[in-house]
Amino acid sequence: MVFACVAALVAALALVIVQTPARAAGTLLSQGKTATASSTENGGTPASAAVDGNTGTRWSSAAADPQWLQVDLGATATISSVTLNWETAYAKAFKIQTSADGTNWTDAYSTTTGTGGTQTLSVNASGRYVRLYGTVRATQYGYSLWEFQVYGTAGTGTSGCSTTNAALNKTATASSTENGGTPASAAVDGNTGTRWSSAAADPQWLQIDLGATQNVCGVQLSWENAYAKAYQIQLSTDGTNWTTAYSTTSGPGATELITLTGTGRYVRLYGTQRATQYGYSLWEFQVFTGGSGGTGGTTGGSTGGTTPPPDGTLLSYNKPATSSTYQDANSCTGCTPAKAFDEDPATRWATSDVNGWVDPGWIAVDLGATAHITKVVLQWDPAYATAYQIQTSPDGANWTPIYSTTTGKGFKETLTVDGTGRYVRMYGTARSNGYGYSLWGFDVYGTGGNPTAPPALPPNPGNPEHLVWSDEFNGAAGTKPDTSKWTQDVGGGQNGELEYYTNGDNTSMDGNGDLVIEARKENVQGHQYTSGRINTSDHFNFTYGHVEARIKVSGTQGLWPAFWMLGSNFKTGTPWPNSGEIDIMEHVGKVADSVYSTLHAPAYNGGNGYGSPYTVAGSDFANDFHTYAVDWDSSHMTFSVDGHAFFTADKATVESTRGPWVYDHPFYIILNNAVGGDWPGAPDATSVFPQRMLVDYVRVSQ
């Protein structure tokens with residue numbers, strides 16, 4: 001729920017929505033892995049369909065007992081749970097078995113009273129191979145699974161899978177391009193508004209040179225409407241000889257997160273069958289690598305920022321700073337040079353709007369003692385330098401350039417340098433626009449100096465994660481939300497909203513396990529409508545984890561239900577959007593078939609927020625409950641609907657294409673059902689009141 005509304009709708013991509021239960025514990029290990037089976041009913045129900053992440057495809061067996069389906073995880077793993085999403089033809093009696101070699105099997109779970117539907121089974125086992133072994137069918141048909149999901153902790157060969165996009169801004173080539181505006185490079189530029197598209201023929205390919213041979217553990221394909229129905233992900237050490245690491249003939253389009261295992265310098269998408277009459281088209285092709293570069297909660301409980309980078313120690317944190325000028329008015333109050341060195345990504349230095357929008361302009365830091373400088377990281381505001389030098393000095397008066405450019409690109413620039421001095425300066429000689437110079441961050445790394453250690457990042461979520469907070473809303477009909485967990489937000493809303501949020505009159509339990517947030521047409525405190533908004537700010541604030549809620553949204557023109565999080569420092573005086581905002585789910589009644597996930601920060605907010613829609617063309621999200629979730633750690637956020645991951649915000653990508661990442665601190669949860677506002681517009685003659693937003697539960701795991 002934004003403080004500055006999303007003004008423009010992003011092009012929607014269709015996916016299949018299926019209601020799912022709570023997320024199983026541990027990491028999903030089986031998706032996209034090699035699957036085999038004792039038999040298949042026909043060519044349209046292969047074993048691979050049960051591990052493709054698409055609940056619209058399935059494996060089905062011959063109509064005989066016994067039958068089995070097995071998945072190769074690629075390496076020995078610790079298995080904590082298995083989720084079976086059965087089609088109508090389910091197993092009455094079956095076993096879950098594990099194996100180190102695919103030949104000798106050990107029972108991890110057994111039942112003779114299978115219930116069908118969706119079953120999440122807790123197990124305690126290890127193995128590279130996991131098998132469903134069915135012995136008694138519940139129907140006259142075979143066995144059939146929409147999805148077979150194995151959760152746990154990955155073993156050697158799949159552990160340490162980084163969430164950093166290794167393909168970002170790497171060299172990309174393609175078999176063809178549709179035109180000059182859709183080059184191969186557009187699929188690796190971190191910009192979801194640019195794309196590669198091919199000629200309208202089969203086959204076509206897009207390949208990326210990672211620069212060195214690496215362990216590749218996953219890819220994310222963000223398709224435009226012209227997607228691949230059949231394709232392979234291939235790896236190569238030389239760009240000539242290719243090995244297939246993943247293959248499908250039933251690609252669903254939209255955004256596909258694919259887990260795989262392999263080694264190569266080159267990664268290639270090789271499309272063999274188009275889903276449309278057009279070519280192949282990708283907004284983004286992201287590659288994730290494993291090994292020592294893994295970050296973001298894959299090892300469980302790690303603390304970000306505690307290991308010095310290979311380029312040296314951070315020397316500049318909270319050191320004395322000076323500048324040619326600084327701004328202290330209008331849109332940048334208190335933008336002193338010290339703000340570039342405070343390790344707060346939401347504060348910045350800017351040259352004065354009175355006399356500082358000139359060349360040259362500079363900012364310098366005193367490291368406290370002579371140091372050997374090996375790396376400088378600049379996080380620019382849009383007022384960046386196209387031409388500048390990095391200079392060092394022993395005395396703050398006599399300067400020596402150690403880096404120089406006339407083609408500065410702004411955003412985040414990481415510069416490898418080699419120099420010595422007590423003082424380090426950015427000396428700008430050409431501005432990118434009519435404003436001055438402005439930096440969110442100016443980090444100096446090396447050895448020596450007199451460094452002060454910056455605050456460590458909070459620990460990443462554990463692996464597996466465990467439930468740390470929840471509300472199941474199981475109170476009696478008419479009772480109010482638990483005051484030990486929720487605070488009512490009373491008063492008018494933001495963004496031109498029309499409602500008055502009451503002190504509990506519009507929020508209550510229905511007695512069926514749901515919280516009801518009801519929007520009504522009634523005059524209160526000068527407002528035409530009333531509704532409810534509750535938050536956890538006074539009770540539960542947290543950093544990182546898996547956050548999900550099962551919600552049935554309201555749906556009519558002018559309604560704006562949301563499940564979102566706001567930086568806890570907002571409550572202690574940090575203004576929006578500096579506090580950061582994480583919109584897990586927003587829905588506007590006038591667009592029934594879409595929900596939206598968006599990030600807001602000082603450099604990207606409102607209509608320029610960073611996010612994506614999740615769309616099922618022709619559907620209405622208000623017709624049923626759906627599960628909305630985000631997985632959040634120090635390096636990324638992945639948003640999902642009903643277990644389908646559809647948008648990943650990678651920290652490195654955001655910093656290099658949008659601006660600072662302001663999400664490494666506590667946030668609190670908000671639920672509300674807004675009426676009117678700049679995005680949904682006001683209710684009209686078609687609007688129906690009252691409108692009820694139902695919340696089955698909210699859960700947080702870490």
F542 side chain near V547 side chain, heavy-atom distance below 4.5 Å: yes
Could you grab the distance from atom CG of D342 to atom CG of N318, nearest 0.5 Å is fine? 6.5 Å
Is there a side-chain contact between L599 and I582, using heavy atoms and a 4.5 Å cut-off? yes
Nearest 0.5 Å please: distance from the OG1 atom of T414 over to the NZ atom of K375. 6.0 Å
Taking ring-ring contact (aromatic ring centres under 6.0 Å, His included) as the definition, give me every residue that meets it alongside Y326, ordered by chain and number, with sequence neighbours left out. none
Please find the pair of heavy atoms, one from P602 and one from V662, that lie closest to each other, and give the distance. CD-CG1, 4.0 Å
When you check the side-chain N and O atoms of S197 and E178, is any donor under 3.5 Å from an acceptor? yes
For D359, is there an ion pair with R431 - N to carboxylate O distance below 4.0 angstrom? yes
So that I know where these two stand, are F442 and F341 an aromatic pair - ring centroids less than 6.0 Å apart? yes
Side-chain (S316) to main-chain (V444) donor-acceptor, under 3.5 angstrom: yes
Quick one: are N672 and E499 in side-chain contact, heavy atoms under 4.5 Å? no
Aromatic ring proximity, centroids under 6.0 angstrom, F647 and Y596: no
Taking L282 as the fixed residue, which of L221, V188, T182 is the one that meets the side-chain contact (heavy atoms from CB on, under 4.5 Å) rule? L221
N/O donor-acceptor pair under 3.5 Å between H636 side chain and D633 backbone: no
If every non-hydrogen atom of E284 is compared with every non-hydrogen atom of A186, which pair is closest and at what distance? OE2-O, 3.3 Å
Applying ring-ring contact (aromatic ring centres under 6.0 Å, His included) to F667 and W632, what does each step give before you reach the verdict? CA-CA 11 Å; F667 279 67; W632 166 35; 5.4 Å; yes
Donor-acceptor contact below 3.5 Å, side chain Q207 vs main chain A174: no
Do side-chain atoms of T574 reach the backbone of N578 as a donor and acceptor pair under 3.5 angstrom? no
Within this structure, what is the CD-CH2 distance for the pair Q220 and W283, rounded to the nearest 0.5 Å? 15.0 Å
Return the set of residues passing salt bridge (Lys or Arg N to Asp or Glu O under 4.0 Å) with D209 (not counting sequence neighbours), or none when no residue passes. R265
Do S324 side-chain atoms and W362 backbone N/O form a donor-acceptor pair below 3.5 Å? yes
Is the Y628 to F563 ring centre distance short of 6.0 Å? no
Do W440 and T347 come close enough that some side-chain heavy atom pair is under 4.5 Å? no
Report the C-alpha distance between T543 and L457 in whole Å, list the side-chain angles of each, state the deciding distance to 0.1 Å, and finish with yes or no for side-chain contact (heavy atoms from CB on, under 4.5 Å). CA-CA 10 Å; T543 310; L457 290 177; over 6 Å; no
Checking R658 now: which residues fulfil salt bridge (Lys or Arg N to Asp or Glu O under 4.0 Å) with it, not counting sequence neighbours? none
I'd like to know if the side chain of S579 reaches the main chain of F570, judged simply by a donor and an acceptor atom lying under 3.5 Å from each other, with no hydrogens or angles considered. no
Between T194 and N191 (side chain of the first, backbone of the second, donor and acceptor by atom type, cut-off under 3.5 Å), is there such a pair? yes
Distance check, rounded to the nearest 0.5 Å: T653 atom OG1 versus F411 atom CZ? 12.0 Å
Sorted by chain and residue number, the ring-ring contact (aromatic ring centres under 6.0 Å, His included) partners of Y663 (sequence neighbours excluded) come out as W661
Over 60° means perpendicular and under 30° means parallel, so tell me whether F639 and F646 are parallel, tilted or perpendicular. tilted
Measuring only between side-chain heavy atoms, which start at C-beta, is S634 closer than 4.5 Å to Y544? yes
Where does the angle between the aromatic ring planes of H527 and Y500 fall among parallel (under 30°), tilted (30 to 60°) and perpendicular (over 60°)? tilted
As a quick check of understanding, evaluate side-chain contact (heavy atoms from CB on, under 4.5 Å) for D366 and Y423, giving each step before the final call. CA-CA 5 Å; D366 176 2; Y423 301 86; 3.5 Å; yes
Hydrogens and angles aside, do E581 and W576 bring a side-chain donor and acceptor to less than 3.5 Å of each other? yes
Given side chains that start at C-beta, do those of W486 and I669 come closer than 4.5 Å, heavy atoms only? yes
Any side-chain donor near an acceptor of the partner, N535 and D489, under 3.5 Å: yes
Which atom pairs, donor and acceptor, lie under 3.5 Å between side-chain atoms of residues 382-393 and protein residues at least two apart or in another chain?
| residue | atom | partner | partner atom | Å |
| --- | --- | --- | --- | --- |
| T386 | OG1 | A430 | O | 3.2 |
| Y388 | OH | E413 | OE1 | 3.1 |
| Y388 | OH | E413 | OE2 | 3.4 |
| Q389 | OE1 | Q391 | NE2 | 2.8 |
| Q391 | OE1 | R425 | NE | 2.7 |
| Q391 | OE1 | R425 | NH2 | 2.7 |
| T392 | OG1 | T420 | O | 3.1 |
| S393 | OG | D395 | N | 3.1 |
| S393 | OG | D395 | OD1 | 2.9 |
| S393 | OG | G396 | N | 2.8 |
| S393 | OG | A397 | N | 3.4 |
| S393 | OG | N398 | O | 2.7 |

Report the C-alpha separation of D650 and L168 in whole Å, then their side-chain angles, then the decisive distance to 0.1 Å, and conclude whether the side-chain contact (heavy atoms from CB on, under 4.5 Å) test is met. CA-CA 11 Å; D650 176 78; L168 182 64; 5.8 Å; no
Do Y435 and D381 touch side chain to side chain, with heavy atoms closer than 4.5 Å? no
Where do G446 and T374 come nearest, in terms of heavy atoms and distance? CA-OG1, 3.5 Å
Would you say H372 and D418 make side-chain contact, with heavy atoms under 4.5 Å? yes
Distance alone, cut at 3.5 Å: any donor-acceptor contact between the side chains of H539 and T487? yes
Does the pair S531 and Y501 meet the rule for a side-chain contact (heavy atoms from CB on, under 4.5 Å), with working shown? CA-CA 5 Å; S531 190; Y501 290 122; 4.1 Å; yes
Minimum heavy-atom distance between D328 and G334, given as atom pair plus value: OD1-N, 2.6 Å
Regarding D631 and T638, is there a side-chain donor-to-acceptor distance under 3.5 Å anywhere? no
Minimum heavy-atom separation for T177 and P183, please, with both atom names. CG2-CA, 4.0 Å
Return yes if a side-chain donor-acceptor contact under 3.5 Å exists between T648 and Q286, otherwise no. no
S594 side chain vs P613 backbone, donor-acceptor pair below 3.5 Å: no
Determine whether a donor-acceptor pair (N or O, by modelled atom type, separation under 3.5 Å) exists between the side chain of K339 and the backbone of A350. no
Disulfide (SG to SG under 2.5 Å) contacts in which one or both residues fall within residues 328-414, not counting sequence neighbours: C332-C335
When you check the side-chain N and O atoms of K319 and T452, is any donor under 3.5 Å from an acceptor? yes
Looking only at atom types and distance, does a side-chain atom of N608 sit under 3.5 Å from a main-chain N or O of Y604, one as donor and one as acceptor? no
Testing the basics here: between E655 and Q379, what is the closest heavy-atom pair and its distance to 0.1 Å? O-NE2, 3.1 Å
